[in-house]
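Each remark here refers to the structure printed beneath this line.
Protein chains get the first letters and strands the later ones, always in sequence-line order, with residue 1 at the start of each. Fair warning: this is a prediction, and the values are worked out from it, not measured in the lab.
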There are 4 protein chains.
Amino acid sequence: MAQVPKEHVRRRIVAAAAHLFAARGYAATTVASVAARAGTSTGNVYKYFAGKEALFDAVLPEAFARDVRRLTHARIVALGSARDVRELPRDARYHVVAGELLERCLAERERVVILLARAEGTRFARFAEDFGRALVSWALGYARRAWPEVPRSPALGFALSAVYRGYLRSLAEALMSLPSRPRAQAAIELLTTHHQGGLAQLFASLARGPAPRELAP
Amino acid sequence: MAQVPKEHVRRRIVAAAAHLFAARGYAATTVASVAARAGTSTGNVYKYFAGKEALFDAVLPEAFARDVRRLTHARIVALGSARDVRELPRDARYHVVAGELLERCLAERERVVILLARAEGTRFARFAEDFGRALVSWALGYARRAWPEVPRSPALGFALSAVYRGYLRSLAEALMSLPSRPRAQAAIELLTTHHQGGLAQLFASLARGPAPRELAP
Amino acid sequence: MAQVPKEHVRRRIVAAAAHLFAARGYAATTVASVAARAGTSTGNVYKYFAGKEALFDAVLPEAFARDVRRLTHARIVALGSARDVRELPRDARYHVVAGELLERCLAERERVVILLARAEGTRFARFAEDFGRALVSWALGYARRAWPEVPRSPALGFALSAVYRGYLRSLAEALMSLPSRPRAQAAIELLTTHHQGGLAQLFASLARGPAPRELAP
Amino acid sequence: MAQVPKEHVRRRIVAAAAHLFAARGYAATTVASVAARAGTSTGNVYKYFAGKEALFDAVLPEAFARDVRRLTHARIVALGSARDVRELPRDARYHVVAGELLERCLAERERVVILLARAEGTRFARFAEDFGRALVSWALGYARRAWPEVPRSPALGFALSAVYRGYLRSLAEALMSLPSRPRAQAAIELLTTHHQGGLAQLFASLARGPAPRELAP
DNA sequence: AATGAATGAGATTTCATTCAT
DNA sequence: AATGAATGAAATCTCATTCAT
């Protein structure tokens with residue numbers, strides 16, 4: 001047998017990498033610093049991972065990004081397909097981030113942060129941007145049912161995408177900064193309330209009509 | 001040899017650096033690329049600036065950050081001190097980013113972007129975070145006058161700070177992505193509407209009272 | 001102007017690399033050793049070449065390999081198409097390596113050596129082997145006209161290919177070891193005499209012709 | 001723990017090393033790959049050998065190189081001391097590589113290959129070159145008896161040495177590439193025929209004897 | 001004795017900074 | 001003042017060698 005159980009070290013390396021990637025970003029994190037934080041040597045990291053990229057893949061597998069996308073889409077569809085927000089189960093109301101998605105976000109904080117805000121230099125560099133755009137198109141579909149008069153414009157397209165990206169980033173940072181689970185969840189609910197209140201106000205002002213009774217997702 | 005006025009070259013270097021820092025971030029920008037874009041040589045950059053950090057200081061002087069902070073604070077105070085939003089001059093209504101601050105943002109897009117979103121690796125790395133926190137404390141003071149029942153909680157503190165940072169970031173990205181002045185301004189107005197609508201909704205829900213007639217800054 | 005003419009340094013680097021690649025092989029040569037021999041620093045080598053591979057390409061461009069192949073083929077065709085060796089011009093007689101090919105070999109000794117014997121780790125790793133096989137097939141075509149009874153066998157195929165590769169290698173080494181041009185040329189002629197005498201003997205013995213009267217050990 | 005006889009493991013390690021050194025060369029072979037092929041661990045290799053060099057010594061002991069040298073010399077002396085080639089025993093005739101030497105070559109292919117062609121980076125790096133020179137001096141002695149007019153010249157010295165080295169290398173490659181014993185032996189005979197025919201031709205031409213009637217390309 | 005994880009020196013490559021011209 | 005070649009420190013990655021189990 002070897003002197004330390006392999007799996008133990010591997011986990012320590014992945015944890016160290018996740019922490020540092022989330023804290024400083026992929027590019028600014030050196031393999032040496034990961035090794036140091038994991039309590040091992042630079043060379044040894046390469047016993048477990050083929051290289052820095054492979055280490056990143058272990059921290060943030062493609063499947064994770066897929067899940068985030070899928071779960072988010074599912075939430076939007078669920079919220080949007082309800083004829084009226086009042087039909088939604090009480091605690092799901094207004095919340096894009098709820099259910100399984102919320103669980104994942106809380107359980108895998110660092111991954112969410114990296115995916116949404118620290119992926120510079122990786123294949124997910126554009127994820128937040130692309131995802132923001134996708135969210136906008138999903139959300140616009142829903143919004144048009146409530147406010148059919150909402151016009152199209154480049155500025156609006158940009159603003160919505162920025163708003164969604166900002167929302168996602170905020171979620172990521174909440175997960176990052178609030179180690180206690182209930183606090184993180186509370187913050188997410190506040191952020192979502194803000195996000196949706198903002199969208200409602202935005203669409204209402206564009207439609208020049210009165211604020212709708214029920215809010216956008 | 002050449003009697004090119006020093007100031008001319010210096011400005012070209014600063015402009016090139018501002019552009020590249022804003023586009024790729026401080027760390028990812030090489031001095032060589034700045035020199036190339038400025039149409040001069042690497043070595044010559046060091047005739048004008050002591051090093052990469054000094055170049056950054058020239059692009060984004062402490063005074064600029066101070067101005068952003070001061071002008072923003074002034075706006076918040078102005079909005080908050082009005083007994084009623086209806087007292088505000090018409091076109092300033094609801095807008096944190098307006099007046100001189102808006103002018104500066106539009107005129108010096110790149111600096112704002114760098115300050116709020118591309119400062120990784122510089123002494124402003126935490127600016128957005130700290131600034132977000134400051135905005136929160138200013139805004140909370142105002143909010144408490146309108147919704148005295150709003151409780152204090154770490155989650156709320158964090159959420160507000162995140163919301164403000166997200167707002168600032170969105171502004172930065174709007175400035176970055178929309179080169180046309182009217183579009184950038186339109187996007188900023190939409191972002192501000194969203195931001196303030198969101199805050200109103202957030203405070204209202206916390207106060208469990210009805211949404212107020214007039215919105216928070 | 002810079003402190004040293006660029007072209008001068010570039011040439012020194014290429015020359016140093018050519019020397020070391022030829023002496024120790026590509027893989028065993030470090031960029032640092034090339035830089036040292038060129039009288040410069042490791043980092044500076046990268047001002048002139050994108051990397052070790054690019055440096056190799058500069059030392060041994062694809063075109064050089066193509067020329068060696070083409071000129072050799074042309075010689076074999078020229079020799080083989082003569083109905084009788086006695087028809088060949090006096091000084092071309094017997095010589096695969098003559099004319100332009102000989103010139104290139106003498107003028108670019110190190111490149112020939114690298115191509116034929118020190119290319120491990122580069123895209124020319126298999127050049128000598130492939131080239132040997134090609135030479136065999138060209139030469140066998142000619143040989144069958146002179147000795148139609150020559151049989152086919154794996155051992156013969158292998159032996160011919162080895163003989164040709166050995167011949168090429170010898171040429172390379174002659175070029176390497178004999179700095180004086182007349183000596184190198186003299187050695188090449190001797191090597192060619194040996195090579196061709198050996199082939200004649202080989203084919204003759206296979207054709208069951210008489211063994212020559214005299215034999216060297 | 002395990003009471004596997006030490007000698008068994010040792011042999012497996014040496015065999016694995018011999019195979020890999022012959023296939024890829026000393027420098028390109030990693031100790032880990034040797035261990036893997038031997039079905040043991042890297043660490044354990046160091047229980048049997050002080051290091052990579054010691055492992056090489058075990059694969060290719062000085063005695064082996066000495067034997068190759070001695071047996072070859074003996075063959076040359078035997079061939080050279082016969083007043084006439086016709087006095088030699090039939091199957092030894094013309095063959096430098098025959099008898100015990102041939103046996104050793106066939107039985108210990110890998111070692112011969114390493115010694116003659118894959119010793120880059122070891123103390124035998126120059127063996128082939130030195131050995132070629134030695135062969136030349138032995139052979140020249142013999143040749144002068146048959147062709148007393150053969151002149152001395154640096155080019156001739158070099159050419160002979162190259163020819164011998166090429167011959168040795170070819171033998172090594174035949175041993176490498178032809179796993180079947182009869183084929184390897186057949187190839188060796190063909191290579192030897194070529195080698196000796198070439199020498200005869202070479203000496204004859206130097207002695208101003210007539211060119212042979214037929215010539216290969 | 002055996003394992004394979006761990007180490008650290010060295011290789012390639014990048015880039016802020018310096019320096020000769 | 002201007003140039004861009006030169007330098008050297010640091011990052012990624014490999015591998016011979018050591019060591020805890």
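Comparing dA5(E), dT3(F), dA5(F) by their closest approach to the side chain of K47(B) singles out dT3(F). Of the listed nucleotides (dT17(E), dA6(F), dT7(E)), dA6(F) has the atom at the smallest distance from the side chain of N44(C).
As rounded to whole Å, 18 Å separates atom P of dT21(E) from atom NZ of K6(C). The distance from atom NZ of K52(C) to atom P of dC13(F) is 18 Å, rounded to the nearest whole Å. The nearest whole Å value for the distance from the NE2 atom in H8(C) to the P atom in dA6(F) is 10 Å. Atom pair L55(C):CG and dT12(E):P shows a separation of 10 Å (rounding to whole Å applied). Remark: P of dT12(F) and CZ of F49(A) are 15 Å apart, rounded to the nearest angstrom.
Applying the salt bridge (Lys or Arg N to Asp or Glu O under 4.0 Å) criterion to D130(D), with sequence neighbours excluded, gives R133(D). Taking R118(C) as the reference, E120(D) meet the salt bridge (Lys or Arg N to Asp or Glu O under 4.0 Å) condition, with sequence neighbours excluded. Remark: A117(B) engages R169(B) in a side chain to side chain contact (heavy atoms under 4.5 Å, CB included) (not counting sequence neighbours). Under the rule for a side chain to side chain donor-acceptor pair (under 3.5 Å), E110(A) has no partner lying at least two apart in sequence or in another chain. In this structure, the salt bridge (Lys or Arg N to Asp or Glu O under 4.0 Å) partners of D57(C), at least two apart in sequence or on a different chain, are R123(C).
One finds a side-chain N or O of S41(A) lying less than 4.0 angstrom from the OP1 or OP2 phosphate oxygen of dT7(E). Phosphate proximity of dT13(E) to Y46(C): present, with a side-chain N or O under 4.0 Å from OP1 or OP2. Contact check, T40(D) against dT3(E): a side-chain N or O comes under 4.0 Å of OP1 or OP2. Using a 4.0 Å cut-off, no side-chain N or O of Y48(B) falls inside it from OP1 or OP2 of dA1(F).
Contacts with DNA chain E (heavy atom under 4.0 Å) in residues 13-36 of chain A: none are found.
Helical stems of DNA chain F (runs of at least 3 Watson-Crick or G-U pairs, donor-acceptor distances under 3.5 Å) are listed by first residue: E:2-21 with F:2-21.
DNA chain F is contacted by both G51(A) and G39(C); G39(C) maps to the nucleotide lying nearer its 5′ end (nearest heavy atom per residue). Nearest-nucleotide assignment on DNA chain F puts the 5′-proximal partner with T42(C), out of G43(A) and T42(C).
Between atom CD of residue E129(A) and atom CG of residue L116(A) there is a gap of 13.0 Å, rounded to the nearest 0.5 Å. Rounded to the nearest 0.5 angstrom, F64(A) CZ and F124(A) CZ are separated by 9.5 Å.
Pairs of residues two or more places apart, or lying in two chains, that qualify as side chain to side chain donor-acceptor pair (under 3.5 Å) and include a residue from residues 34-45 of chain C are H19(C)-R37(C), T40(C)-N44(C). Legend: side chain to side chain donor-acceptor pair (under 3.5 Å) pairs involving residues 22-31 of chain C, not counting sequence neighbours, sorted by first then second residue: T30(C)-S33(C).
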